**Q** 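Below: one structure in C-alpha cells.
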Amino acid sequence: MVRSNAIAVISAFLLFKTSAAINACPVTDTVFTGTQGIRYRVCPDTDLIGDSQAITPNIVSTTACAQLCDEALNCFKAVYDTQTRDCHIKANAGLNWQPNVRFDVIQAEQINIAKCPYTETTYTNNGVSNVITSKGKNFKVCRDTDLRGGSAQMINGVTTLDDCAQRCSTIDTCVQAVFDSNASVCHIKSDAKANTLIWSTDKRFDVIRQDVAAAPATDGAWSDLVRLPVIPVAAYILPEFPTSSRLMVFSSWGADAFGGAGGRTQFADYNFNSGAVSARTVANTQHDMFCPGISALEDGRILIQGGSDANVNSFYNPASNNFTRAPDLLMARGYQTSVTLSDNRVFTIGGAYSGPRQGKDGEVYDPKSNSWKALPGAKIGPMLTTDNEGIWREDNHGWLFAWKGGSIFQAGPSKAMNWYSANDTGTQAPAGTRDTDDAMCGIFVMYEPGKILTAGGSPDYTNSDANNRAHLISIGEYGQPATVERAPDMAYPRGFANAVVLPDGTVLVTGGQRRSLVFTDDNGILQAELFNPATKSWKTLAAEAVPRNYHSVSILLPDGRVFSGGGGLCYTAQVGGSTVNCNKLVDHADGQTFSPPYLFNPDGSAASRPTISAFNATSAKVGGQLTISTSTIDPKFVLVRIGSVTHSVNSDQRRVPLTSVTPSGTQYTAILPSDSGVLIPGHYYLFVLNSAGVPSIARTVQITLS
Ligand SMILES: [Cu+2]
C-alpha cells in the first residue's frame, strides 16, 4: 500500500515532466508470446501512468515481467521499472501512455482470428463437462478472445464464465456470448447475420459459442487465416504449367502503409499448395504500384500501370520472375481500369485519383511497338459518375470488358453504359442505362461470353450507403444498346465487395460493407453470396472471419477454391513514415481461402473430383482445338481466364465454356471460339466438370492470336 502510493507520487511527478501522451509505441517494439499463445507488445522507454493492480518487486527483466503478466488472468498491461526492478500489473482503464526511458510497457495484443488459437473447452455446468443444456445446445468456450461488434443484451453483475454460459444457454436466441471478466458483464451477442462480429484475441474476454455443425455442402467452408507479410491490396495468379501454384500480392511502398509516391512496392508470394510465403521489395522499376491498373498479356506478362507513381508502368514476367520498366503512361493515372483487348493491346481509361484531374480519356498500349498511343476519341466524360467528392472519384474503377474487334464495353460504375474502341484515335458510343444510380466499387463479371453480372456499389466512393441491386447485362455488337435485366437483390448491400466467376458459372461475391467507408471494418458483410445465372437466384454462404472492404481482393485458384484477403492499409504523411499510430485491427495482412459447396458431398466429406488424365497442350490458337482425356462421365469443359484484381476490379477474368466438343472414348476434342474478342488472348484455367458440377484441378493453357 505504501509502495503503491510512492509509485503514484512518482507517476504524478513524471506526468508534469514528460511530453504529450502517445497512443502507439514511438520506437520499434517487440513481441513476447505467452504460454497460451497470447502475444504481448513490449515497448521500451515508455510508461503507463495510472493505477496498478499489483506490484511485484525483484523481477529480473522486462521479459520476466511479461511472463508475470501472462500468468495473471486479469493482466492486459504491465510496466517494468528498470531502476527499482518492480513489475507493475496495471489497471485496465484510465492509463496514460508516455515516453519515459526508465520504464518498459507490456500490452496484450489483439489479432483477428478465424479459429480458436487456444485449447477450446466445452462449457461446464457445475463441473459437468460436455453438458447438453435444457435447450439442447452445446457450447464451446474460447478463453482470452473477444467478439467485437453489437451486443443484443448486456447482463451486469455476472462474475463467472460459467454463469455467462448458463445465461446464454437459457436464452433461445443466444448463439454467441462474451464474458467480460473485468467488468463482470455477460454480453449476449447480436445475430451474426445482421451484425458484423469480429473475433479477435483479447485477454479481457472469453467467447462462448454454440457448437453448430458446419454444413459445407450447403454453405461452403472457409480456411483458417493465412497471415501474409503485406496487406494484399492487389493480387494475381502466376501462369504456371501444368498448374498454377502461386498467388502474388502487393501493397504500396509499405507492407502495411502508403502515402506519397515511394518508388518501390512490397510484394508477397503465397504458394497456396504448400502454404509457403515469402516477401519481396521491388524497387528496380522505381514504381510505387499502389492503386494501379492491372492487365495480363498474351505472353503471361502482367502490366501494372500507374497508381502512386502515376506515370510509371512495370512489367512482371513470370518466365523470368523479374520486373522491368515499361514505357510510361502518356497521362498519369491512379484508380483507372485497364483491360487486355482482342488484339492483345491494353486499353486504359480514367484514373483522376492520381495525376491531372480532368480529361482522362483513353490510351492504349501496343506490345508490338512497345508504346502507348493517345485515344482522344475514347472520351471519359460519358462514363463519369456524380460523386460528392467530385472528379477525383468520378472516373475511377470503370467496369470494362474487352469485346469483339478491339471494342470495350463499359457497364459501370456510372449508371450510363458505353461502348469504346481503341481503334484509330479511339471512339465512344452510348450503350444505354444500367440503373437509376451510380454504383462505385460494385462488382462486375462476365460469367459467359456476352453475359455480365453486376451488383452492389454505392453512389459516392465513400461515406455512402451501398446498394444490393444486381443486373444481368447482355451485349452484342459495338454500338448496339446492351440489354439490361434486373436480377433479384443480393441479401446484403455491398460496397467494396469482390466477385469471382467459378468454373460452374456461378458467381461468388465476398466482403464489402453496407455503407462504403474507406479504411474501416464498419458494417462489413462477412457472409459470402453465390449467384446462379441458371436459376437467377442468390444464396447466402458461410461467413469469413475478417471484413474485406476497401483495398481487399478475391481471386479464383486453380483448384476451384477462392482466395479472399486484404482490406485497409494505413496512410502515413510521408514515404517510409512510421506505422505506429495505425490501427492494426483494420489493416488486414491476411486472407482466407473459400471452398465452395461444389467441393463437398452432402455429408461434408470432400467430393471426388474429375481428373484430366491427359492434356499435352500448353497453348492453343483462338479458333483452334484442345484435346483432353478424362474418364469423367458426361464431362463439361470450361476455360476461365486467370485473373488479376485490385479495388474490386478484375477486368482479366472471364469464363468461356467450351460448347463444341467431340468425344472419342475418353478423349475429347474441343473447338475453341474463333473470335479473340470472346476468347481474349492470355493464360486460362482449363477445368473439367462432372455432371454434379464438381471441377477438376485446372490445367493452365495459353491462348494465342497466331
Ligand atoms: Cu487504393
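Remember, it's 1-based here, ligands and their atoms both numbered in the order they're listed. It should be emphasised that the depicted structure is a prediction, and the values quoted were computed from it without experimental measurement.
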**Q** Any idea how many protein N, O or S atoms are nearer than 2.8 Å to the Cu ion (ligand 1)?
**A** 4
**Q** Going by the rule ring pair (Phe, Tyr, Trp, His ring centres under 6.0 Å), which residues pair with F267 if we only count those two or more places apart in sequence or in a different chain?
**A**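 Ring pair (Phe, Tyr, Trp, His ring centres under 6.0 Å) list for F267, sorted by chain: F250, F323.
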**Q** So do the side chains of R469 and D435 get within less than 4.5 Å of each other, counting heavy atoms only?
**A**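 When only atoms from C-beta onward are counted, D435 and R469 do touch, with a gap below 4.5 Å.
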**Q** Aromatic contact between Y420 and F409, with the criterion being ring centroids under 6.0 Å apart: yes or no?
**A**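 No, too far apart.
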**Q** Taking only residues two or more places apart in sequence, or in another chain, which ones meet F563 in a ring pair (Phe, Tyr, Trp, His ring centres under 6.0 Å)?
**A**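 Expected list: none.
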**Q** Mind checking what makes ring pair (Phe, Tyr, Trp, His ring centres under 6.0 Å) contact with W538, not counting sequence neighbours?
**A** F531
**Q** When you compare the side chain of T281 with that of T265, does any pair of heavy atoms fall below 4.5 Å?
**A** no
